[in-house]
Participant: 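One structure, as structure tokens, below. Some questions next.
Naming: A, B, ... by sequence-line order, numbering from 1 per chain.
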Amino acid sequence: MITLYDFVLSANCYKVRLFCGLLDVDYETVAIDFHPGREHKGEAFRTINPLGHIPVLDDDGYLIRDAHAILIYLAVAYDPQRTWYPMNDAKRLGQVAQWMAFADGTANTASAARLHVNLGYDFDVGKVRAGAHELFAVLDEHLWFRERDDGAGGWLAEGDSPTIADVALFPDVALAEEGGVSLLDYPAVVRWADRVRQIPGFVVMPGVFHFGRS
Amino acid sequence: MATTVDLVPRTVYRTSLLNRELVLWRADDGFVNVWENRCLHRGVRLSIGSNDGAELICRYHGWRYSNRSGGCTYVPAHPADSPARTIQNTTYPAVEHLGLIWTTGNPIDEMPPFAVPELEAMAGEILGLRNLPVAAPWQVVIAALAEHRFCPPGALDVDPAEAEMSANTDGLAVTLTSSVGDHRSSAVFVVQPLEPGRSVVRPVLGERPPDPIGVLRHHATALARFAKATEAREWATPTEQPVALENPVVLPSTSTATRRSALTEVTVAAKRLVANHIIALELSPVDGVALPTWQPGDHLDLHLPNGLIRQYSITNRPGWSDRYRIGVKREAASRGGSAFLHDSIAVGDVLTVSEPRSGFPLRRNVPQTLFIAGGIGITPLLSMAHALSSMRLAFTFHYFTADPADIAFVDDLDYFGDVVKQHLGLSPHETVAALREVLDRPEAGGQIYACGPPPMLDAIRSIAADAGWPDDAVRFEYFENTTQIDASSSFTVELARSATTLTVSAGQTILQVLREHDIPIVSSCEQGACGTCVATVIDGEPHHQDVYLSAEERAAGKLILTCVSRTLADRLVLDL
């Protein structure tokens with residue numbers, strides 16, 4: 001059985017819940033009182049993750065931390081078709097790693113702005129928002145050209161199916177406006193997010209909605 | 001406001017124009033809706049809502065707004081009621097032209113004729129380039145664009161600094177031509193003023209190169225450089241208004257793109273035979289794009305050129321705000337209504353119709369609905385079934401007809417699929433037996449909507465009651481009241497709010513007496529079938545002679561249809 005140490009409002013934990021939904025993999029959650037209790041920084045949780053971060057995944061005793069590491073583990077362990085993590089295609093695999101690193105960037109900017117607004121974290125909000133806009137401008141141009149690539153599905157990496165890079169980046173994009181980072185200037189990013197919402201198995205979290213369902 | 005590719009089917013797009021936030025969505029019929037980006041309920045952005053192809057649904061409390069008219073069609077908190085027609089979003093006109101979506105920026109009926117001469121000249125072969133936001137006022141962007149540089153498709157490897165450029169500015173569009181040797185290329189850069197200090201550049205290339213990706217990349221890179229340089233400039237805050245709004249059409253703030261007057265002129269846009277003796281008429285607005293908002297089960301008063309007024313149910317599907325479709329059966333004993341529509345009305349004729357009227361509102365939060373239609377009684381049930389279908393609420397549709405040739409609106413029935421149960425050529429006795437079977441087991445939380453000939457509805461009423469259906473779960477629409485009206489009583493009516501007492505003599509109706517004394521009351525069928533003229537009874541015992549009120553409503557004695565019902569006592573007190 002898979003157990004996820006989870007906080008419902010965390011974009012990073014949502015990456016894992018979203019991917020479990022897309023893979024149709026069952027899991028249990030252990031709710032960590034991230035806010036206001038700061039349980040993830042407590043002594044008890046440090047025995048699970050000495051870094052004091054969530055999410056952490058426990059798959060029958062195999063403990064793995066860091067959202068992106070968990071996505072890679074789940075993809076290899078539970079997607080026998082290897083569509084989510086294209087291990088046999090060097091170029092696509094490189095692109096997947098590249099865009100997952102890009103999602104680290106949005107975590108430090110767009111997601112930080114959201115933590116500042118929602119949970120009162122002490123960030124220079126003007127600076128992190130400006131950083132988010134710089135990244136989203138690059139992302140919008142990339143996706144605009146991906147849409148013009150014949151035969152492709154308009155995902156982050158080449159090819160006609162989404163990868164864990166799309167899963168890794170989606171939460172920060174979908175939640176960006178909570179942090180005061182408007183997506184008004186990035187229509188191609190919004191269209192990509194609408195495509196992610198339409199992948200079978202898509203699941204929501206507070207602030208993230210289903211596509212075309214009220 | 002957008003490029004055509006921004007409006008993906010079933011998605012919702014957000015933009016700004018002159019500091020007004022707009023929501024754009026394309027309906028399944030291709031129509032581009034441009035509305036204020038604000039739910040009329042709690043002000044939430046409609047752009048986070050969902051587009052079901054016919055309606056835009058607010059994410060917050062599920063209010064539904066119709067394609068074209070922007071009228072609210074459903075409020076989930078009031079599942080049994082029709083929203084007031086005044087709940088209507090502010091709509092803006094839009095046209096799609098040369099790969100872009102354009103508007104006037106004023107909520108008016110129709111887009112005035114317009115042309116971008118530089119773009120028209122290119123209309124044959126164009127390529128939409130990547131659009132780019134620029135954090136600068138539109139005036140600054142326009143001025144800076146005159147110095148923008150790029151290379152023609154045949155000379156992309158040349159440094160743009162070496163290209164020979166010429167510029168022509170016209171309003172919010174700048175046409176640039178680049179020449180390198182024998183290569184020449186023109187593009188129009190249209191500027192959308194978003195908000196103070198923010199604009200979007202929407203460029204269109206005047207040719208379609210065989211390998212567009214390289215050209216698109218060249219322009220995207222050049223424009224990104226342009227945006228950075230323009231944003232880095234220093235500018236004084238301009239106060240000048242955009243050229244496009246030099247002569248804005250200013251309407252009162254309450255005005256929207258659709259009419260609110262009681263009567264509307266419509267053109268007969270289509271007339272076709274849908275069954276033996278039944279025609280469908282499609283009525284379109286004489287001008288503008290949308291008609292007053294209708295609700296499932298609503299009907300219209302048709303004012304015919306021969307002076308007659310007749311009621312017909314609207315048989316629309318959700319999102320049809322550009323037409324009313326009605327079904328008209330030629331009545332054997334027609335007094336000039338249905339026969340006139342069948343014989344004398346042609347496509348292109350102009351008729352006058354009332355606003356849609358509700359007498360048969362559909363409750364839209366019930367898991368299972370049973371529709372029972374007899375003959376032409378299918379008409380009000382069609383729009384209801386379509387509404388439930390679009391909300392994915394389950395229903396069964398029983399349709400009783402005498403002959404296969406009488407089956408009307410086959411396309412709609414096919415659309416509903418196997419939830420349609422046809423009952424063909426049954427005798428009155430067999431009909432009762434079939435109804436017994438259909439109504440045999442009342443479903444918990446289920447509801448029945450029925451319309452058809454009075455004897456059939458009377459049968460449904462008694463069978464449903466016998467089978468144990470709750471009275472308020474069974475709803476009817478009688479097209480006519482065949483009750484023999486007894487108008488022999490005379491009595492006084494006290495109008496509590498008007499502080500007036502009137503006398504109703506034998507042979508007069510309450511409604512007539514109210515009219516004679518200028519007491520405002522609306523009516524429609526005036527034979528006790530439609531429920532429009534209902535009034536609240538404060539004191540006194542009504543003598544009901546209508547077919548509209550339910551058994552419970554009759555027993556409660558709190559409502560009266562003023563067109564046919566009276567009192568057998570000497571006094572009634574009404575809340576009028």
Side-chain angles (χ1 to χ4, degrees), chain A residues 114 126 129-155 158 170 173-199 202 204-214, chain B residues 1-3 5-16 21-22 24-25 37 45 47-53 55-64 74 76 127-135 194-195 198-200 202 212-217 220-221 223-224 227-228 390-392:
Chain A
R114 179 172 166 266
R129 281 179 185 152
H133 280 295
E134 242 170 74
L135 292 174
F136 286 155
V138 171
L139 180 63
D140 192 75
E141 176 164 356
H142 173 71
L143 287 166
W144 192 85
F145 279 100
R146 296 294 300 126
E147 288 177 336
R148 273 149 194 81
D149 185 352
D150 290 340
W155 306 110
E158 285 172 20
F170 176 81
V173 169
L175 295 164
E177 299 208 337
E178 286 191 2
V181 179
S182 167
L183 298 178
L184 190 68
D185 286 343
Y186 315 111
V189 173
V190 172
R191 288 196 294 276
W192 164 80
D194 276 341
R195 287 193 287 277
V196 174
R197 286 176 225 272
Q198 292 174 78
I199 304 172
F202 178 81
V204 295
M205 69 165 274
V208 177
F209 309 117
H210 280 290
F211 181 83
R213 211 195 295 171
S214 51
Chain B
M1 291 172 287
T3 64
V5 294
D6 286 328
L7 301 186
V8 180
R10 303 287 178 116
T11 66
V12 187
Y13 177 84
R14 164 158 68 110
T15 191
S16 272
E21 206 174 289
L22 302 175
L24 276 69
W25 62 283
N37 189 15
R45 281 190 175 115
S47 54
I48 62 166
S50 55
N51 163 5
D52 78 354
E55 294 176 325
L56 189 62
I57 304 149
C58 178
R59 186 68 64 180
Y60 200 13
H61 297 100
W63 285 34
R64 288 173 169 260
Y74 184 54
L127 177 66
L129 304 173
R130 181 168 143 73
N131 295 189
L132 211 68
V134 183
L194 283 177
E195 296 156 5
R198 301 212 324 123
S199 314
V200 178
R202 304 196 182 278
I213 289 291
V215 179
L216 292 172
R217 287 215 179 271
T221 307
L223 199 58
K228 262 214 168 75
S390 84
M391 292 174 73
R392 293 178 212 156

Participant: Check each atom of E55(B) against the heavy atoms of chain A and say whether the ones under 4.5 Å are side chain, backbone, both or neither.
Facilitator: neither
Participant: For Q198(A), look at atom CD and say whether over 12 heavy atoms of other residues, nucleotides or ligands are found less than 6.0 Å away.
Facilitator: yes
Participant: Calculate, to the nearest 0.5 Å, the distance between atoms CH2 and CG belonging to W144(A) and L216(B) respectively.
Facilitator: 4.5 Å
Participant: Checking Y186(A) against chain B: side chain, backbone, both or neither under 4.5 Å from a heavy atom?
Facilitator: neither
Participant: If we only count heavy atoms from C-beta on, is the V8(B) to E147(A) side-chain gap below 4.5 Å?
Facilitator: no
Participant: What residue in V12(B), D52(B), V5(B) has the most heavy-atom pairs under 4.5 Å with chain A?
Facilitator: V5(B)
Participant: Once salt bridge (charged side-chain N to carboxylate O under 4.0 Å, His left out) is applied, do any residues pair with E178(A), and if so which ones, sequence neighbours excluded?
Facilitator: R114(A)
Participant: For A137(A), is it the side chain, the backbone, both, or neither that has a heavy atom closer than 4.5 Å to a heavy atom of chain B?
Facilitator: backbone
Participant: Honestly, is R217(B) close enough over F145(A), meaning NZ or CZ under 6.0 Å from the six-membered ring centre and within 45° of the axis?
Facilitator: yes
Participant: Give me the atom names and distance for the closest heavy-atom approach of S50(B) to G212(A).
Facilitator: CB-CA, 3.5 Å
Participant: For residues F211(A) and R10(B), report the shortest heavy-atom separation together with the two atoms involved.
Facilitator: CZ-O, 3.2 Å
Participant: Could you tell me which portion of R191(A) (side chain, backbone, both or neither) has an atom closer than 4.5 angstrom to a non-hydrogen atom of chain B?
Facilitator: side chain
Participant: Closest heavy-atom contact between T15(B) and L184(A)?
Facilitator: CA-CD1, 3.7 Å
Participant: With a 4.5 Å limit on heavy-atom distance, are the side chains of R14(B) and S182(A) in contact?
Facilitator: yes
Participant: With side chains defined as the heavy atoms from C-beta onward, is the minimum distance between V190(A) and Y13(B) less than 4.5 Å?
Facilitator: no
Participant: Could you tell me which portion of D194(A) (side chain, backbone, both or neither) has an atom closer than 4.5 angstrom to a non-hydrogen atom of chain B?
Facilitator: side chain
Participant: Would you indicate whether the side-chain heavy atoms of I48(B) and E177(A) approach each other to under 4.5 Å?
Facilitator: no
Participant: Is there a side-chain contact between R130(B) and D140(A) (heavy atoms, below 4.5 Å)?
Facilitator: yes
